[in-house]
Amino acid sequence: MSNYTVKTIKGIDAIKDYSEMSEMKAYVGESEYRIFLQQGFFQHYVSTSNLHNHRYSEIHVVKSGIIDFYVNGECFRVPQQQAVIIPAGVYHTRKCQDEENTFVCAFQADIEAEKIQTADLGSVSDLLFEAIENYNAKGECRRLSSLVSLVCSSFCATDPKPPKPIYDREFIIYEFFANNYDKDVTLSDIAFQLRLSEKQAERLIIKTTGMSFRRQIVAKRIENAKILVEMEGVSLAKAAEMVGYQSYSGFWKALQTYEAEENIKYENQTS
């Protein structure tokens, strides 16, 4: 999406400028939508319009004031902090009572809307206009893209697919050790969560981490104790307690054994 300077177009006799167009993407669930922006269309004051339609569905988000959209004699009133979508090809006009104080952003999207719909955006509306201002000032569009996608989600016919359950044994192993190293856990505890026998679980742990269950627990405790001392400034005795050791002597013995084994492993790798 290219950056551009917004032109303010006011009055029913003003010639609309289509010489510069921009396109961005909106994402709702697993669906991707094209968003079309024209100069002066992204945010502007509103004037009464003639009868017209668009190639794509048109979305208006009202920042201030009230806009009345007329379709086949029916009026759809859209106040501030609300949005409306008008399906592609549908002829419509718009009117507002106070042009000087009615401010909107509008864009076209390739959303297949079946009918005119309105949506209450609440604070999302304010966030959208903040993102527009930030984009115009700095060219930053990450938040803008996210908020445009959020607006589009109010009008999509299909809901995003709900989260589906997955079963990832490597994920379970990683999380188990990350969150349980300081507890009195056993191989049977993780085997139960992996839905494996203890022998099968041990083989999978070694394959995944390069260590046995017991050594992985010790490694996590030693590593986290060092971090607590270096980054949190706690004493080594306090760190030993925090990572799950019942006594400082037990921790010190485990530390000496662990570092000796690591040194042997390093020497074997470099020799």
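No more than 12 heavy-atom neighbours from other residues, nucleotides or ligands sit within 6.0 angstrom of CG on D184. Annotation: K25, atom NZ; neighbour count of heavy atoms from other residues, nucleotides and ligands within 6.0 Å is above 12. More than 12 heavy atoms of other residues, nucleotides or ligands shown are found within 6.0 angstrom of CG on D168. Residue Q256 qualifies as enclosed at atom CD: its count of foreign heavy atoms under 6.0 Å is above 12.
Contact check for L196 versus R169: side-chain heavy atoms found under the 4.5 Å cut-off. In this structure the side chain of Q80 never reaches within 4.5 angstrom of the side chain of S125, judged on heavy atoms. Considering only heavy atoms from C-beta on, F36 comes within 4.5 Å of E23 through its side chain. In this structure, the side chains of L194 and F176 stay at 4.5 Å or more apart for every pair of heavy atoms.
Residues forming a ring pair (Phe, Tyr, Trp, His ring centres under 6.0 Å) with F69 (at least two apart in sequence, or on another chain): H60.
Separation of atoms OG1 (T118) and CZ (R77) is listed at 12.5 Å; rounding is to 0.5 Å. Atom CG of residue D110 and atom SG of residue C152 lie 9.0 Å apart, to the nearest 0.5 angstrom. The structure places CG of L128 at 4.0 Å from CD1 of I132, a figure rounded to the nearest 0.5 Å. From K220, atom NZ reaches atom CG of D182 across 11.5 Å, with rounding to the nearest 0.5 Å. Of the inter-residue distances, the one linking N180 atom CG with D189 atom CG reads 8.0 Å to the nearest 0.5 angstrom. Here CE of M211 is found 10.0 Å from CZ of F177. Values are rounded to the nearest 0.5 Å.
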_Could you go through L121 and V151, starting from their C-alpha distance and side-chain angles, then the distance that decides it, and tell me whether this counts as side chain to side chain contact (heavy atoms under 4.5 Å, CB included)?_
CA-CA 7 Å; L121 300 181; V151 172; 4.0 Å; yes
*Can you list the steps and then say if E32 with R34 is a salt bridge (charged side-chain N to carboxylate O under 4.0 Å, His left out)?*
CA-CA 7 Å; E32 177 183 279; R34 299 173 70 193; over 6 Å; no
*asked:* Go through it in stages, so that I can follow the logic: the residues are E74 and K115, the test is salt bridge (charged side-chain N to carboxylate O under 4.0 Å, His left out), and I'd like the CA-CA distance, side-chain angles, deciding distance and then a yes or no.
replied: CA-CA 13 Å; E74 186 177 0; K115 60 181 181 179; over 6 Å; no
*Could you give me the CA-CA distance, side-chain angles and deciding distance for E202 and S212, then say whether side chain to side chain contact (heavy atoms under 4.5 Å, CB included) is met?*
CA-CA 6 Å; E202 182 78 320; S212 67; 3.6 Å; yes
*Given V185 and F213, is the side chain to side chain contact (heavy atoms under 4.5 Å, CB included) satisfied, shown in steps?*
CA-CA 10 Å; V185 290; F213 172 84; 4.0 Å; yes
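The ring pair (Phe, Tyr, Trp, His ring centres under 6.0 Å) pairs that include a residue from residues 233-255 are Y245-F251, where partners are two or more places apart or lie in different chains. The stretch residues 224-234 participates, sequence neighbours left out, in these salt bridge (Lys or Arg N to Asp or Glu O under 4.0 Å) pairs: K226-E259.
A continuous path of Ile, Leu, Val, Met, Phe, Trp and Tyr side chains, each step under 4.5 Å between heavy atoms, connects Y33 with V124, placing both in one hydrophobic cluster. Note on V104 and Y70: separate hydrophobic clusters, where clusters join Ile, Leu, Val, Met, Phe, Trp and Tyr whose side-chain heavy atoms are under 4.5 Å apart, directly or indirectly. In the hydrophobic cluster analysis, where Ile, Leu, Val, Met, Phe, Trp and Tyr join through side-chain heavy atoms closer than 4.5 angstrom, L144 is grouped together with V61. Hydrophobic clustering (ILVMFWY, side-chain heavy atoms < 4.5 Å, transitive): L147 and F103 are in one cluster. Cluster membership for Y181 and I222, using ILVMFWY side-chain heavy atoms within less than 4.5 angstrom, is shared.
The backbone N or O of V28 lies less than 3.5 Å from no partner atom in the side chain of S153, so there is not a single donor-acceptor pair. Between the Q82 side chain and the V62 main chain, no donor and acceptor come within less than 3.5 Å of each other. With T209 contributing its side chain and I205 its backbone, the two residues share a donor-acceptor pair below 3.5 Å. Panel note: side chain S57, backbone I111; a donor-acceptor pair is recorded below 3.5 Å.
The minimum heavy-atom distance between Q117 and S154, with the atom names listed, is OE1-O, 4.5 Å. Closest heavy-atom contact between C96 and T102: CB-OG1, 4.0 Å. Across all non-hydrogen atoms, the minimal contact from E198 to L187 is O-CD2, 3.6 Å. Between A109 and I35 the shortest heavy-atom distance is CB-CD1, 3.5 Å. Counting all heavy atoms, side chain and backbone alike, A113 lies closest to P87 at O-CB, 3.4 Å. Annotation for H92 and N53: closest pair CE1-CA, 4.3 Å, computed over non-hydrogen atoms.
For the pair R195 and Y167, the distance from NZ or CZ to the six-membered ring centre is under 6.0 Å and the angle to the ring normal is within 45 degrees.
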